[in-house]
Amino acid sequence: MYQVYSANKYIQEFIDKKVSDSDYQRLMDVLEFMPNTRPFWGVTRFKYIFLNGIFLLYEIDETNKLVVILGVKFNNERKTFNFTRTPTQIKTIQKWINS
């Protein structure tokens, strides 16, 4: 069993706000028990899961049995994930949370 963490508070707040309780439980079940079954994002070492129009990019740490949610992509028009690393990305995810 893996432990699931968000990379930062903005990603966790986004998930809490945009994902229903039943979908959140389903997401946690997949990430805690079967994170390796999900596909890789392109040629990266990161895996992703798609849930109700939201892409969640995550990384697996096999040694410590951790899954870290690194970024989100809310709409399909965006080409990149929001990792909330820059002030612009933080402002964008806060706009997504409030919409």
How long is the gap from [atom1] on [X] to [atom2] on [Y], to the nearest 0.5 Å?
X     : Y     : atom1 : atom2 : result
Ile15 : Asp23 : CD1   : CG    : 12.0 Å
Lys17 : Ser99 : NZ    : OG    : 9.0 Å
Asp61 : Gln3  : CG    : CD    : 10.5 Å
Ile69 : Leu56 : CD1   : CG    : 5.5 Å
Asn8  : Gln89 : CG    : CD    : 10.0 Å
Thr84 : Glu13 : OG1   : CD    : 11.0 Å

Looking at every non-hydrogen atom in both residues, tell me the closest pair between [X] and [Y] and how far apart they are.
X     : Y     : answer
Ala7  : Leu70 : CB-CA, 4.1 Å
Leu66 : Tyr2  : N-CD2, 3.8 Å
Lys65 : Met1  : CB-O, 3.9 Å

(request) Salt-bridge test for Arg26 and Asp29: reply yes if a basic N is under 4.0 Å from a carboxylate O, no otherwise. (result) no

Within the 3.5 Å criterion, strictly below it, is a donor on [X] or [Y] matched to an acceptor on the partner's side chain?
X     : Y     : answer
Thr92 : Asn82 : no
Glu62 : Asn36 : yes
Gln12 : Tyr10 : no

(message) By the salt bridge (charged side-chain N to carboxylate O under 4.0 Å, His left out) test, which pairs, at least two apart or in different chains, include something from residues 30-39?
(response)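 Sorted pair list comes back empty.
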
(request) For residues Met28 and Val4, determine if any side-chain heavy atom of one lies less than 4.5 Å from a side-chain heavy atom of the other. (result)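 Yes; the side chains approach each other to less than 4.5 Å.
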
(request) State, yes or no, whether a side-chain contact exists between Trp96 and Val72 at a heavy-atom distance under 4.5 Å. (result)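 A side-chain contact under 4.5 Å exists here.
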
(request) Hey, can you tell me if Phe55 and Trp41 have their rings parallel, tilted or perpendicular (30° and 60° cut-offs)? (result)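 Taking Trp41 first and then Phe55, their aromatic rings stand perpendicular (interplane angle over 60°).
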
(message) Less than 6.0 angstrom from the centroid, inside 45 degrees of the normal: does Lys47 satisfy that with respect to the ring of Tyr58?
(response)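 Because its charged atom misses either the 6.0 Å distance or the 45° angle limit, Lys47 does not stack over Tyr58.
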
(message) If hydrophobic clusters are built from ILVMFWY residues whose side chains come within less than 4.5 Å, do Phe50 and Phe46 share one?
(response)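 As far as the 4.5 Å side-chain criterion goes, Phe46 and Phe50 are connected within one cluster.
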
(request) Establish whether Ile54 and Tyr5 are linked, either directly or via other cluster members, by ILVMFWY side-chain heavy-atom contacts under 4.5 Å. (result) no

